[in-house]
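This report concerns only the one structure given below.
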Amino acid sequence: MRTERANLRTASVLLSLSALLLGSCGQSNNPVTDTDTPTSGTISISVDETFEPILKSQVDTFQKLYQYAKVQASYKPELQVMQDLMQDKVRAVVIARDLNAAERAEFERQKLVPRSTKIGIDGLAIIVNRSNPDSLLTLAQLRDIFTGKTSQWSQISGEKKLADVNVVFDTNNSSTTRYVQDSVTRGAALTTRVFAAKSNPALLDYVATHPSAIGVIGANWISDLDDSSVQSFRKKVRVVAVSASAAPKSADDYVQPYQAYLALKTYPLRRDLYVISREARAGLGTGFASFVAGNKGQLIMLKSGLMPAVGQTRIIDNNPK
């Protein structure tokens, strides 16, 4: 009997071990197949297409660091990006503004508490054809150009070589168009001589081939001088220096959308960049937002030519007075 009981106990232990082994074989060791975590799984995000170059770098680096994480980014105009978030088509978005009152009210109705994480400061770059002599413009002059009050380049510099001013934006319903109407024209209607180029590269090409054109584009398209495509773009167009003063005293009062002037807040066309997540838990969207706002993500932001949201930036004056 003792031998029989011992055998039964042994068999029971073996069956238990077999069950554990079978159970573990039935479970995936690859975290991608399980519910996502801050560093694993698959997530779809929508991104303001103005920031495509910098966000591609962020996504690529994040996925290299976390091999079980898959971030599927779609690049769209700002209006479509926010529609995706509000309609629960994506769990996170990257846009150049925080939520407005109506959007917060809708999230409250959905009983969700969204998370907004500031990740950087962008500057809108004003670009003109390389043959255009008017590369110094005040904010007031830009306002007159965008509203149509100034319709000819000769009204600015007296030069009569250029044709009527043509204003070019990237796409319809883009964040750059909204920003110009909110912060530059202050609600006034845009000039009738305005159109959307359908993409940022198309905008750059149009300005490069049309001497009378003036375009508005995100600074990250022309700031990373180590990027060969940026080097190519910069050879085609001129970046306008803008002054917030209505009566600048010298050329030093005009600045371009580069990091030092974004940091000092002297460049007038600045805007904050956010990752906004609708996750109710700490999932992959939260993990990606934390990465972009963290040390590695902010270094990528710094290299791209934008101003990081966190971290110290040293500004050196090469022309001390």
Side-chain angles (χ1 to χ4, degrees), residues 44-65 70-78 80-81 90 92-97 117-127 168-171 173-179 196-208 215-240 256-263 267 269-276 288-289 291-294 296-309 311 313:
S44 295
I45 67 173
S46 288
V47 179
D48 180 343
E49 59 192 356
T50 306
F51 304 101
E52 184 173 348
I54 177 64
L55 260 296
K56 280 186 173 179
S57 296
Q58 297 281 6
V59 170
D60 288 345
T61 304
F62 182 75
Q63 292 180 148
K64 287 176 182 176
L65 289 171
K70 178 66 175 177
V71 180
Q72 299 170 330
S74 297
Y75 301 94
K76 306 177 180 182
E78 181 185 81
Q80 293 179 30
V81 169
V90 297
V93 298
V94 180
I95 63 170
R97 64 173 177 83
T117 305
K118 184 178 174 180
I119 59 172
I121 303 169
D122 174 48
L124 283 187
I126 307 299
I127 58 173
V168 191
F169 288 97
D170 44 2
T171 58
N173 300 315
S174 72
S175 62
T176 54
T177 307
R178 175 191 56 77
Y179 180 92
K198 297 185 179 180
S199 72
N200 287 281
L203 184 155
L204 285 158
D205 287 338
Y206 184 89
V207 174
V216 186
I217 195 167
N220 72 128
W221 284 91
I222 49 89
S223 295
D224 187 355
L225 299 182
D226 293 329
D227 188 319
S228 59
S229 60
V230 170
Q231 294 173 10
S232 176
F233 289 149
R234 290 295 297 268
K235 291 177 182 178
K236 298 178 181 179
V237 299
R238 300 179 73 182
V239 179
V240 172
Q256 294 179 318
Y258 299 135
Q259 283 170 335
Y261 304 118
L262 295 175
Y267 186 72
L269 305 178
R270 301 183 312 279
R271 55 186 186 168
D272 294 336
L273 182 59
Y274 294 89
V275 176
I276 302 177
F288 180 68
F291 167 79
V292 179
K296 290 184 174 65
Q298 292 294 284
L299 286 174
I300 294 172
M301 200 72 67
L302 186 68
K303 181 183 178 300
S304 76
L306 301 189
M307 184 65 195
T313 302

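All values reported here derive from a predicted model rather than from experimental measurement.
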Is there side-chain contact between [X] and [Y], with at least one heavy-atom pair below 4.5 Å?
X    : Y    : result
Q259 : L302 : yes
D272 : R97  : no
R234 : V239 : yes

Listed by chain and number, what are the ring-ring contact (aromatic ring centres under 6.0 Å, His included) partners of [X], not counting sequence neighbours?
X    : answer
Y75  : none
Y179 : none
F291 : F62

Once you round to the nearest 0.5 Å, how far does [atom1] of [X] lie from [atom2] of [Y]?
X    : Y    : atom1 : atom2 : answer
L306 : M301 : CG    : CE    : 6.0 Å
D122 : T50  : CG    : OG1   : 7.5 Å
S74  : Q80  : OG    : CD    : 10.0 Å
I222 : L204 : CD1   : CG    : 8.5 Å
F169 : T176 : CZ    : OG1   : 6.0 Å
I95  : D48  : CD1   : CG    : 8.0 Å

Using the salt bridge (charged side-chain N to carboxylate O under 4.0 Å, His left out) criterion, which residues pair with [X]? Sequence neighbours excluded.
X    : value
R178 : E78, D182
K70  : none
D205 : K236

Check your understanding: In terms of side-chain heavy atoms, does N220 have a donor or acceptor partner in S304 at a distance below 3.5 Å?
Key -> no
Indicate yes or no for a side-chain donor-acceptor contact from [X] to the backbone of [Y] under 3.5 Å, with no hydrogens or angles considered.
X    : Y    : answer
Q256 : V240 : no
W221 : P53  : no
Q298 : I119 : yes

Output all residues satisfying side chain to side chain donor-acceptor pair (under 3.5 Å) with [X], sequence neighbours left out; order by chain, then residue number.
X   : answer
Q72 : S44
T61 : none
E49 : T171

Practice item. List the steps and the verdict of side-chain contact (heavy atoms from CB on, under 4.5 Å) for Q63 and V71. Key: CA-CA 7 Å; Q63 292 180 148; V71 180; 4.0 Å; yes
Please report the closest heavy-atom contact between [X] and [Y], naming both atoms and the distance.
X    : Y    : result
G120 : A309 : N-CB, 3.5 Å
S175 : R271 : OG-NH1, 3.0 Å
A219 : P257 : CB-O, 4.0 Å

Review point. V216 and side-chain contact (heavy atoms from CB on, under 4.5 Å): which partner among V207, T177, L124, D170?
Key: L124
Review point. Can you name the one residue among V93, T117, I45 that meets side-chain contact (heavy atoms from CB on, under 4.5 Å) with I276?
Key: V93
In chain order, what residues pass the side chain to side chain contact (heavy atoms under 4.5 Å, CB included) check against [X], with sequence neighbours excluded?
X    : value
L262 : Y267, R270, M307
A197 : V168, A202, L203
K198 : none

